[in-house]
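Following: one structure in structure tokens, then a few remarks.
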Amino acid sequence: MIDFSLRECVRRDIPVRYCRNCGRYFPITGRITAEYCSRPGPSGKLCRSTAPVRKWAESRRSDRVFQEYRREYKRRFAWIKSGKYTEKQFAAWHKAAKARKKDCGQEHISLDAFKEWLKDA
């Protein structure tokens with residue numbers, strides 16, 4: 001069966017790629033830019049649905065500015081559910097916080113100044 005499948009892929013000229021998550025080969029039958037296969041991992045979820053999220057989280061792990069912003073974002077979002085904050089207030093804070101995060105990322109303001117602003121805003 002494996003031999004037949006491989007020969008069929010060669011006959012139909014189906015490209016094969018190495019999955020960047022699980023390390024196994026998979027045929028590309030759709031998006032030619034696919035980096036992850038459709039096989040379920042140990043958790044039962046597909047590589048193509050879990051790997052991009054994990055990759056994004058790993059890239060943000062070393063970003064201190066993002067970590068501070070995300071911590072405050074989660075805290076204030078929880079305030080909406082508890083009734084301390086309205087969605088309108090949160091939207092205004094979010095817009096200002098994104099601008100400050102961008103300034104801090106471009107080193108217009110220091111990380112300490114950004115942290116202070118997050119606490120006081």
Atom CD of Q106: over 12 foreign heavy atoms under 6.0 Å: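 Yes, CD of Q106 has more than 12 neighbouring heavy atoms, counting only those of other groups under 6.0 Å.
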
Using a cut-off of 6.0 Å, state whether more than 12 heavy atoms not belonging to D120 lie near its atom CG.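 Enclosed: over 12 neighbouring heavy atoms sit under 6.0 Å from CG of D120.
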
For K119 and E68, what are the C-alpha separation, side-chain angles and deciding distance, and is it a side-chain contact (heavy atoms from CB on, under 4.5 Å)? CA-CA 10 Å; K119 288 179 185 174; E68 294 297 328; over 6 Å; no

When rounded to the nearest 0.5 angstrom, what is the spacing between [atom1] in [X] and [atom2] in [Y]?
X	Y	atom1	atom2	value
R7	S5	CZ	OG	11.5 Å
E35	C19	CD	SG	9.5 Å
S49	R54	OG	CZ	11.5 Å
H108	F114	NE2	CZ	13.5 Å
F26	I14	CZ	CD1	13.0 Å
F77	S82	CZ	OG	11.5 Å

Would you say the side chain of [Y] lies within less than 4.5 Å of the side chain of [X], judging by non-hydrogen atoms?
X	Y	result
W93	E72	yes
Y73	F90	yes
H94	K98	yes

Which pair of heavy atoms, one from R76 and one from L118, lies closest together, and at what distance?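 Looking at all heavy atoms of both residues, the closest pair is NH2-O, 3.0 Å.
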
For I32 and I28, work out which heavy atoms get closest and say how close.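 Here I32 and I28 meet closest at CA-CG2, 3.8 Å.
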
For [X] and [Y], does a side-chain donor sit closer than 3.5 Å to a side-chain acceptor?
X	Y	result
Q67	R70	no
R20	Y36	no
N21	R48	no

Compute both the distance and the angle, then confirm whether R60 meets the cation-pi test with F66: under 6.0 Å from the six-membered ring centre, within 45 degrees of the axis.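 Yes, a cation-pi geometry.
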
Evaluation steps, side-chain contact (heavy atoms from CB on, under 4.5 Å), between C47 and S38: CA-CA 6 Å; C47 282; S38 299; over 6 Å; no

Apply side-chain contact (heavy atoms from CB on, under 4.5 Å) to residues Y69 and D63 and explain how you reach the verdict. CA-CA 10 Å; Y69 165 76; D63 186 358; over 6 Å; no

With distance as the sole test, does R17 use its side chain to make a donor-acceptor pair with the main-chain N or O of A34 at under 3.5 Å?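 Yes, R17 side chain to A34 backbone: donor-acceptor pair under 3.5 Å.
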
So, E58 side chain and K55 main chain: donor-acceptor pair closer than 3.5 Å or not?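 No, E58 side chain to K55 backbone: no donor-acceptor pair under 3.5 Å.
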
Going hydrophobic residue to hydrophobic residue with side-chain gaps under 4.5 angstrom, can you get from L111 over to I109?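 Same hydrophobic cluster.
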
